[in-house]
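Below, chain A is the first sequence line, B the second, and so on; all start at residue 1.
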Protein chains: 2
Amino acid sequence: MSNRWIQPGDNVDITNERKKCTFDIEKMSAFIHGGEDKLQRRREILEYVKSNKSLGDPQPIEFMTRNERVENASRKIVEMTNNTDQIDGSDFFGEGMYYQALTMGRDLHAMSLHYVMFIPTLQGQTDDEQLDHWLSLAIARAIVGTYAQTELGHGTNLSKLETTAHYDPKTEEFVLNSPTITAAKWWPGALGKSSNYAVVVAQLYTQGECKGPHPFIVQLREMDTHKPLKGITLGDIGPKLGINGSDNGFLLFDHVRIPRRHMLMRYSKVLPDGTYIKPQHSKLGYGTMVFVRSIMIKDQASQLGAASTIAIRYASVRRQGEIIPNSGEVQILDYQTQQYRLFPQLARAFAFLFAAYEIRDLYMKVTEQLTHGNTELLPEIHALSSGLKSVVSWDTAQGIEQCRLACGGHGYSQASAFPEIYGYAVGGCTYEGENIVMLQQVARFLMKAAEEVKKGSANLAEICAYIGRKGEQHSRFTSVDSYRDEDIVSDLEYVARQQVFRAYEKLRKAQQQANSETAWNSCSVELCKTSRWHVRLYLVKNFLAKVSTAPSDLRAVLHDVARLYAFDIITSSSGNFYENGYMREDQMNEIREGVYKCLHRIRPNAVSLVDSWDYDDRELKSVLGRRDGNVYPALLEWAKQSPLNKTEVLPTFDKYLGPMMREAKSKL
Amino acid sequence: MSNRWIQPGDNVDITNERKKCTFDIEKMSAFIHGGEDKLQRRREILEYVKSNKSLGDPQPIEFMTRNERVENASRKIVEMTNNTDQIDGSDFFGEGMYYQALTMGRDLHAMSLHYVMFIPTLQGQTDDEQLDHWLSLAIARAIVGTYAQTELGHGTNLSKLETTAHYDPKTEEFVLNSPTITAAKWWPGALGKSSNYAVVVAQLYTQGECKGPHPFIVQLREMDTHKPLKGITLGDIGPKLGINGSDNGFLLFDHVRIPRRHMLMRYSKVLPDGTYIKPQHSKLGYGTMVFVRSIMIKDQASQLGAASTIAIRYASVRRQGEIIPNSGEVQILDYQTQQYRLFPQLARAFAFLFAAYEIRDLYMKVTEQLTHGNTELLPEIHALSSGLKSVVSWDTAQGIEQCRLACGGHGYSQASAFPEIYGYAVGGCTYEGENIVMLQQVARFLMKAAEEVKKGSANLAEICAYIGRKGEQHSRFTSVDSYRDEDIVSDLEYVARQQVFRAYEKLRKAQQQANSETAWNSCSVELCKTSRWHVRLYLVKNFLAKVSTAPSDLRAVLHDVARLYAFDIITSSSGNFYENGYMREDQMNEIREGVYKCLHRIRPNAVSLVDSWDYDDRELKSVLGRRDGNVYPALLEWAKQSPLNKTEVLPTFDKYLGPMMREAKSKL
Ligand SMILES: Cc1cc2nc3c(=O)[nH]c(=O)nc-3n(C[C@H](O)[C@H](O)[C@H](O)COP(=O)(O)OP(=O)(O)OC[C@H]3O[C@@H](n4cnc5c(N)ncnc54)[C@H](O)[C@@H]3O)c2cc1C
Ligand SMILES: Cc1cc2nc3c(=O)[nH]c(=O)nc-3n(C[C@H](O)[C@H](O)[C@H](O)COP(=O)(O)OP(=O)(O)OC[C@H]3O[C@@H](n4cnc5c(N)ncnc54)[C@H](O)[C@@H]3O)c2cc1C
């Protein structure tokens, strides 16, 4: 079988790995990326990005100061958006994300919020007239906008945002104000220096009453000079764990007046005289949220896939230590401990990617249903996507760190790209809904379902049907070989269901002793666990189902990966499976051996499995993860570019270390 | 009770927390830091550091470029070491570490390896004549040295280092050479730009034979000009996840000649004619290693303590969301999920600190025994300290991230200090022995012990005695209240012992099918688990024992913390305790409730518990963790210093964004 990943001059070890591959990599890539046509398009986009020198970095961004990073990112994003005709603009989930990843990397930029939040909010929240006006400006890039919701004092609890928008019927204007320091908008991407517009969420006051938080479109800076408008104070919030190419910003209003029609009026309205018109539907925003989540989940999967690619490739070229004395150093990929560190991360990346596809499809199904006024599936899918967001972002963060640590010392260098990947990805645990808060939202949904099951009134969609099923009393497991997908799912359903009702009973008992909210709080750790099991069950089920749709010659290897994912979950929480004698120790021991068997079976295909994710070096930006495996000379080349190496002797010698040593010498 | 942590102008919420404290904070601080005299000395050192302006930073280092950081750190370390008369130089574990933490923070510096590795290596590896010569130079700071062992291609497997030192009897010199690119020394702290000397580990060749890796002292740069000597190429290895004030470096030799007596000759020697004299004792280096580990463990505990302090203080001033509707926003510390995120981290910090003390004491005991030629305890303590290093560094890293995430968005900002704390601490998983490699070393020791027990020939010291004990068949647990310390220990011993013999049996079986090394590899995941249980058992036992020595009025609150630590371990691995019917589900459920009870009991003392770790703001360097709790205005002040805010309008507007918008406008 020809293998496009093998090229002359490559490291011999990595080439040998690739030669061991037992499946058709191109077919696998097509399966991973949703079809041969999609794969073809990826290659075209890559060629274009490589051919356009202006889309590249003059030097690795790790060597730039923050100001240089911000400037470099601005340059690239303008160039990138000058050339959007290179991609199918309607396919952000596929082509758009890939184009952006290749060009912008993981450092974000002046327009990240413009595309991800500003434009979608305009699309979702403006009335027709407003849409006409603002959307064309935004899409043409005549203005740069961001989404300013979070404040210094409030992120999660939006109902307590402090920025006010008082309606003044005399002038038909809103007066935006930040009455306290904690009212300062804080965090919005590209707010500090880049944007000249923002959707600002503020407490609407009209006719003496507070109507809660509403979105307004606000000009922040003069069009010509880019100076902040009168009454507006704004700036960058400083360096962060990651995304330092983005100027996340702060913003304070001192009685800034904006026209009435700058309130986004698709749902709520304020009439010229100040009369407030309530919104008709409330849950419609859910749809967009689900879509954004599907993108986030895909992005997380892609970061974990990248981390796995780097670490697995490096483990194939790194030789360290001998297994059998005097028989030569082995590739560290041969150590069972190394496989146990890395392969489950790759399995997770697959599980998360396939979940992202499924959520996107569900989103489209729901959107379709919504056009017929059917909102039935919405709560389940909203809950699922919130739960996935939490579980996926946290498992991804942990997985990236495992990959990094598995590269030993070199993983700690920014040359590995891990510090950047981690900083970028782990943000996902916090934004778009703080994870622990999200898990509790999911739990509310699950407790409602449990309540309905108890009352016999449940009408649960497929995703939750397990809660209402009776299920087995004992695991059907007899041997790893005969452990069918449906047995695995049945075992996970048992545990997920158990946990739902354990939490439900705990909550009911607590509610007999305290008010319902205090009771909730006293059960909240168990409730979060419940949500996690709900999500894990979904992830396993969806992964196994997806594998069963793969071309038959890919199924065996993918099945090993999916089983590793499931077995790892089961054995890491053995206690849950032992409860009520559901599973026996001998069964668990066999599944544990199953983990090691999966590692062993995946081993020869490991490099090819990550190759088939189709990351170009351009996207990985990692010296350790290079396709060609020629890691060591590249590390040296990379290091030579360090700004500290620009002069042979640093000023520290003349100023501090030299005098210190001379003085010491003179005294000896 | 007076409370030095309460001051006028403080945030009201944090003051109220402090008023709730049920114990004597000063007494607790003294207990934590090893006595009232030690606490007093901390305060004196703090005053001194605060009074010496040159020991401070002109601006937070987060806003500096890497070159500025390196320069700033060099300036400070010279000033700091100019004033070592301020501390008791013989007490590095206590005063030295504190003085350095206050002054240098977590970014390291030009002389970090000089003190931690260069000088101790000279002390340990030179013969008397060499010691006379080199030690005085190093201590006087007439030279700056580092320890260059790791190479681009080899870190863990020292036996395969590639740097060579060929002895030439004609000139009585060694010729140092880097025959390949992978032979480049890589990682040594302060090697790149600061040091002019290094202990270099190289393969010794004499009389045509390779004698393995040996240490040599090598001059790298000219004394007067600091230019690299002929044949020497060196530089900085580039930016890292953390410690960017340190110039970790690379080093290549092109046939560099050094005098014969630059080989460190305490143990091995090369005579003028090239005759090689073998070392007499081999395990003596262990002692120093144990000492370095005790320092590392204390340092890790201290980082986790700092992270807990920041997050718990912030959780007491952050109000977000309501538990009971319309009754006002609560401090996030009131959420059970928040407590569950944070308090176990604090408990770990205590457990690790107390373990560090114990290892230091054991080290002193062993050193004492060694002077009488008694090496009996050495292997056990070496194994224990290796295991502790691994478990502690990884749990610390995870704990710091939990603390960070628990601060929501603000945790992601470098203002929180978490990114720096994490970057600094997590390096400990890799250096001084890669964690997974260390755990396998511990496992070798445990398997030997198991073998001896099976053979009935075991003579196990206290730390391992549990392996040879019969132990209970069933947990003695009846209720949380009556669950005594010795019952807890007995339960953990059960699981640790089970795991030892499970791994032992698996290994024996595997050895029947393959050679012993392949068998080892196939069991290595289980072997690592075994080591972790060995260490966890030790940590719990030591923590409980330490608490029982606390002043009686501190014991109750410390006991809650210690039990939380133990209960958390037990409930997180319930499966291990269910095995063979050792524990029942109703028992486990009770212990799980015990976790929540501990959280609840710790809640009112949480802020005071972290206060009693006695971190000054100077040491924490965290806007979120400020003693006074006045977080929000300080965040704004911090952000204003961001280099991006130096100009109101960035060049990006004139160069890229402005033209883009103008062109778009013109086309609309
Ligand atoms: C990288 C990044 C980019 C961002 N970009 C934007 C942007 O473009 N625009 C914008 O408007 N915002 C943005 N944000 C802000 C982000 O949306 C908020 O940080 C996020 O919603 C979390 O809110 P918080 O910071 O208030 O956390 P908090 O709510 O303060 O969370 C702190 C802790 O309190 C706990 N907690 C809070 N409420 C509850 C509860 N009810 N029950 C139990 N526990 C609770 C949490 O679990 C957490 O442990 C960004 C943040 C980051 C990190
Ligand atoms: C911040 C930092 C500071 C440092 N400072 C110094 C310094 O001052 N001086 C100096 O000389 N060095 C220094 N080092 C280097 C450090 O000592 C090495 O990185 C460390 O020993 C790990 O070795 P390695 O990098 O070769 O990792 P590797 O051994 O390559 O590890 C990579 C992977 O292989 C696995 N592996 C390797 N061997 C085995 C085995 N036998 N069995 C199973 N798995 C195995 C590991 O578990 C790991 O997952 C520093 C490193 C860092 C990160």
With only heavy atoms counted, which part of [X] is less than 4.5 Å from chain B, the side chain, the backbone, both or neither?
| X | answer |
| --- | --- |
| A:L599 | neither |
| A:A110 | side chain |
| A:T156 | both |
| A:W520 | neither |
| A:K667 | neither |
| A:L137 | both |
| A:S194 | both |
| A:M588 | neither |
| A:K160 | side chain |
| A:S159 | neither |
| A:F577 | neither |
| A:D224 | backbone |

I'd like to check [X] versus [Y] (side-chain heavy atoms, cut-off strictly below 4.5 Å). Are they in contact?
| X | Y | result |
| --- | --- | --- |
| A:Q414 | B:N244 | yes |
| B:N157 | A:R319 | no |
| A:V144 | B:M660 | yes |
| B:M223 | A:K665 | yes |

Without hydrogens or angle criteria, can the side chains of [X] and [Y] be said to hold a donor-acceptor pair below 3.5 Å?
| X | Y | value |
| --- | --- | --- |
| A:Q440 | B:Y335 | no |
| A:Y578 | B:E585 | no |
| A:H226 | B:E648 | no |
| B:E526 | A:Y596 | yes |

Does [X] reach the main-chain N or O of [Y] with its side chain, forming a donor-acceptor pair under 3.5 Å?
| X | Y | answer |
| --- | --- | --- |
| A:K640 | B:I237 | no |
| A:Q336 | B:S524 | yes |
| A:N645 | B:D236 | yes |
| B:Y412 | A:Y431 | no |
| A:R318 | B:G153 | yes |

- Chi angles and distances behind the side-chain contact (heavy atoms from CB on, under 4.5 Å) call for B:Q338, A:I436: CA-CA 9 Å; B:Q338 190 77 0; A:I436 299 294; over 6 Å; no
Short N-O contact, [X] and [Y], less than 4.0 angstrom:
| X | Y | value |
| --- | --- | --- |
| B:E420 | A:K240 | no |
| A:R141 | B:E663 | no |
| B:E62 | A:R66 | no |
| A:K506 | B:E593 | yes |
| B:E71 | A:K655 | yes |

Ignoring hydrogens, what is the shortest heavy-atom contact between [X] and [Y]? Give both atom names and the distance.
| X | Y | answer |
| --- | --- | --- |
| B:W186 | A:L635 | CH2-O, 3.6 Å |
| B:V426 | A:E401 | CG2-OE2, 3.9 Å |
| B:N67 | A:P643 | OD1-CB, 3.5 Å |
| A:L668 | B:A142 | CD1-CB, 3.9 Å |
| A:E434 | B:L405 | OE2-O, 3.9 Å |
| B:D334 | A:N521 | O-ND2, 2.9 Å |

- Would you sort out whether A:T180 and B:Y632 count as a side-chain contact (heavy atoms from CB on, under 4.5 Å), showing the intermediate values? CA-CA 10 Å; A:T180 61; B:Y632 299 116; over 6 Å; no
Heavy-atom distances under 4.5 Å only: say whether [X] touches chain A with side chain, backbone, both or neither.
| X | answer |
| --- | --- |
| B:T225 | backbone |
| B:T182 | side chain |
| B:I243 | both |
| B:I181 | side chain |

- Message: If you count heavy-atom pairs within less than 4.5 Å of chain B, which of A:G427, A:P633, A:G242 leads?
- Response: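 So the answer, after comparing A:G427, A:P633, A:G242, is A:G242.
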- Message: Does the plane of the ring in A:W187 sit parallel, tilted or perpendicular to the ring in B:H410? Use 30° and 60° as the thresholds.
- Response: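 Correct class here is parallel.
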- Which one of B:P60, B:S574, B:S74 has the most heavy-atom pairs closer than 4.5 Å to chain A?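 The answer is B:S74.
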- Specify which of B:I323, B:T430, B:L657 makes the most heavy-atom pairs with chain A at under 4.5 Å.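 Of the options given, most contacts go to B:I323.
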